[in-house]
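Read through the structure below, which is laid out as structure tokens, and then see the notes.
Within every chain, numbering begins at 1; the chains are lettered A, B, ... in the order of the sequence lines, protein sequences first and strands thereafter.
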Protein chains: 2
Amino acid sequence: MKLKELSAKLGLSQTTVSRALNGYPDVNEDTRQRVLEAARLHDYRPDALARRLATGRAMAIGHVIPTSTKHEMVNPVFADFIAGAGEAYAKAGYDMILSMVGDADEARVYRDFAKTRRVDGIMVHAPRTGDTRIALLQDLGLPFVVHGRVSAEEASYSWLDVNNRRAFQRATELLLDLGHRRIALLNGLEEMDFAMRRRAGYQEAHEARGLKPDAALIASDEMTEQYGYHTAHRMLASDAAPTAFIASSMIIAIGVRRAIEERGLQMGRDISVVSHDDALSYFHTPDTVPIFTSTRSSVREAGQLAAEMLLDIVAAPETAPRQRLLEAILTVGQSTGPAPSTG
Amino acid sequence: MKLKELSAKLGLSQTTVSRALNGYPDVNEDTRQRVLEAARLHDYRPDALARRLATGRAMAIGHVIPTSTKHEMVNPVFADFIAGAGEAYAKAGYDMILSMVGDADEARVYRDFAKTRRVDGIMVHAPRTGDTRIALLQDLGLPFVVHGRVSAEEASYSWLDVNNRRAFQRATELLLDLGHRRIALLNGLEEMDFAMRRRAGYQEAHEARGLKPDAALIASDEMTEQYGYHTAHRMLASDAAPTAFIASSMIIAIGVRRAIEERGLQMGRDISVVSHDDALSYFHTPDTVPIFTSTRSSVREAGQLAAEMLLDIVAAPETAPRQRLLEAILTVGQSTGPAPSTG
DNA sequence: CGCGCAACCGAAAGCGCTTTGGATATCCGC
DNA sequence: GCGGATATCCAAAGCGCTTTCGGTTGCGCG
């Protein structure tokens, strides 16, 4: 059933039927009802391909997800972020098209999206320090929102981020308040903008008290369980072992816990752990008292908000860029306690 | 730069330019070169919207991912599966459009995809036992591939699956060979087809030796770390504790390990654990001797193969349905050992 | 009664490509 | 030198919608 047939059946022009269905004003309410009725009856739904060409809008948002350089890793936060974003798109009748691409091909993909008009906007994931994508997208004139930030010129584009610096500052302060002085930071890859901010927060908290973190206690790598385990294992075995860990992700923290328990130590009593928790659904803890003390921020919610922001921008591209900074919630769980009194 | 302008600049008709670019035969090789050159020079790329309408092909594949009923969980295997599939699509010039949707709305989404012609084919995820989606899709006449299977009428549609029954049968046999007699199964939700198959394999292995598993040792739930931990914790505390666990996912296994170690037991010596490993990238272990004994099967590879299969079917819809059964690799790691000799 | 103004509806022109159905020119064998 | 391949190109008709620009009607009003 296509528009032509439907309008023939109704004895109306395609124009009127189209208008009736799309809620335009100048069509009699009675005929609109007739049209709607007939459309329902024949299960008519306009061909998206034709509609897109006619309107010039692709009714789609592109998410281009970089597959990490080192291993071909897919960061699990994407799943949740996308789930949140997808909800917003579905509500607005937009498609979400995903493009997983190696760093090398990213620029090509963006250009292609722009040229072929396959998307109305783009969500930028995992910005790196000094990321060139923002400039490229501005140049292409394609609406976009960055999940995260790139340090330079934050006002010139739209982004949504969690306050990573603040979150890690607070986590560090908590541990310092508990008397810890040797606090390890298991960060993500420091080419990532968020990782730099986290490290900055960690350092600022130290400096505010005239302390200086031991460089040997700062690690940086792709956020896997293995990384958490091996790094914690190594650090705990050293002469100047830390009494506390801050982990950049729940998965790292799980590895840290394993290393701690393997040494016969108890997390929360002997060694404290604070983790950043992206509230990934499959780690969601229904426990009343959470295992891990964490700085929590729902990636899924971020996805939804970022998507809504992007849709707004697509609808009104000429307005000023929007920014939104979410605060992480610091929740104290069982994994932190006072620093063991040292001899 | 649109086709019209490009052809004007070349002094050729749109027809010829279009043909030249799309590799049609009846165009002089010289002029084809001229056209290609000009296209490169002006960075011409055909408008996807127009092309789609003209060809009637959406050049897109839909992945509709059910967000689990219980919690709003996003199964992390999707990330890897999609990464693999995305590769195949990119190579073929197809878009991947993602639709995350509650169980209730699935049928609506499928119908909508079919009616509005937004996709050329659909990947069906996470089939449940007695899933009605296959019948619906067959009815709609939309090409599709199922990742997994639904037990009835396996020959009437295309699917790609791992041999879950066999994998769990072998895992169970391994443990039985090691002398274990009380083997717990921490399965996924048994409304999922794959979970039923895994359970069947587990049971068949027992029955082949005239054994009967204790129903109290079989659990089934959403595959989270918490579930693994709590269930193992409970079972280990009972009078008739298991000496081995089979976990349906790595994340469950991590929870099991935690429960084991928390009791002061050592995994691999006191309690054995075999896990099914979907080879998710962020759990990828670069260790030479893997921690967990596991039945391993790369979800990412499955995604790629399933996508290629689907593209084949889209290209030739009238051919017979394809099926492909992947075998999991059983790798012995450090988490299994002989059953402790009981008094 | 004639004019202006709403209110309602339609014909037709796109949207930017692909594809059909010829045209034209060249070339071959006989 | 002629019928018929063969190679090369083009005009124009879609694809199924939206949207522009008018065209009718009906009605209030001077």
Practice problem: Spell out, as yes or no, whether a donor-acceptor pair under 3.5 Å connects the side chain of A:Asn22 to the backbone of A:Ser18. | Solution: yes
Exercise. Identify whether any heavy atom of A:Asp26 sits under 4.0 Å from a base atom; if not, whether one sits that close to sugar-phosphate; answer base, sugar-phosphate or nothing.
Key: base
Quiz item: Hey, which of these two, B:Lys4 or A:Thr31, hits DNA chain C nearer its 5' end, going by closest nucleotide?
Solution: A:Thr31
Practice problem: Tell me yes or no: between the side chains of A:Thr116 and A:Arg118, is some donor less than 3.5 Å from an acceptor? | Solution: yes
Exercise. Take the C1' atoms of the five end pairs on each side of the helix from C:dC1-D:dG30 to C:dC30-D:dG1, derive the two axes, and give their angle rounded to 10 degrees.
Key: 50°
Quiz item: Under a 4.5 Å cut-off applied to non-hydrogen side-chain atoms, are B:Arg324 and B:Leu305 in contact?
Solution: yes
Self-check item: With sequence neighbours excluded, residues passing side-chain contact (heavy atoms from CB on, under 4.5 Å) with B:Lys4
Solution: B:Gln14
Quiz item: Has the side chain of A:Asp47 got a donor or acceptor atom that lies under 3.5 Å from a matching backbone atom of A:Leu49?
Solution: yes
Quiz item: Would the A:Phe194 and A:His147 ring centres measure less than 6.0 Å apart?
Solution: no
Quiz item: Closest nucleotide of DNA chain D for A:Ala50 versus for A:Arg57: which of these residues is on the 5' side?
Solution: A:Ala50
Practice problem: Look at the aromatic rings of A:His125 and A:Phe81 and report parallel, tilted or perpendicular, splitting at 30° and 60°. | Solution: perpendicular
Quiz prompt | Crowding at CZ, A:Arg57 (>12 non-hydrogen neighbours, <6.0 Å) | solution = no
Quiz item: If you pin B:Leu53 and B:Val27 to their nearest nucleotides in DNA chain D, which one's is more 5'?
Solution: B:Val27
Self-check item: Segment of DNA chain C, first to last nucleotide, that comes within the 4.0 Å heavy-atom reach of chain B
Solution: C:dG16 to C:dG21
Exercise. Output the residues of residues 7-23 of chain B in contact with DNA chain C, where contact means a heavy atom of the residue under 4.0 Å from an atom of the strand; sort by number or write none.
Key: B:Gln14, B:Thr15, B:Ser18, B:Arg19, B:Asn22
Quiz prompt | Listed partners of B:Gln138 passing side-chain contact (heavy atoms from CB on, under 4.5 Å), at least two apart | solution = B:Ile134, B:Phe144, B:Ser156, B:Tyr157
Quiz item: Which pairs count as salt bridge (Lys or Arg N to Asp or Glu O under 4.0 Å) when at least one residue sits in residues 131-152 of chain A, sequence neighbours excluded?
Solution: A:Glu106-A:Arg133, A:Asp131-A:Arg133, A:Arg149-A:Glu154, A:Arg149-A:Asp161
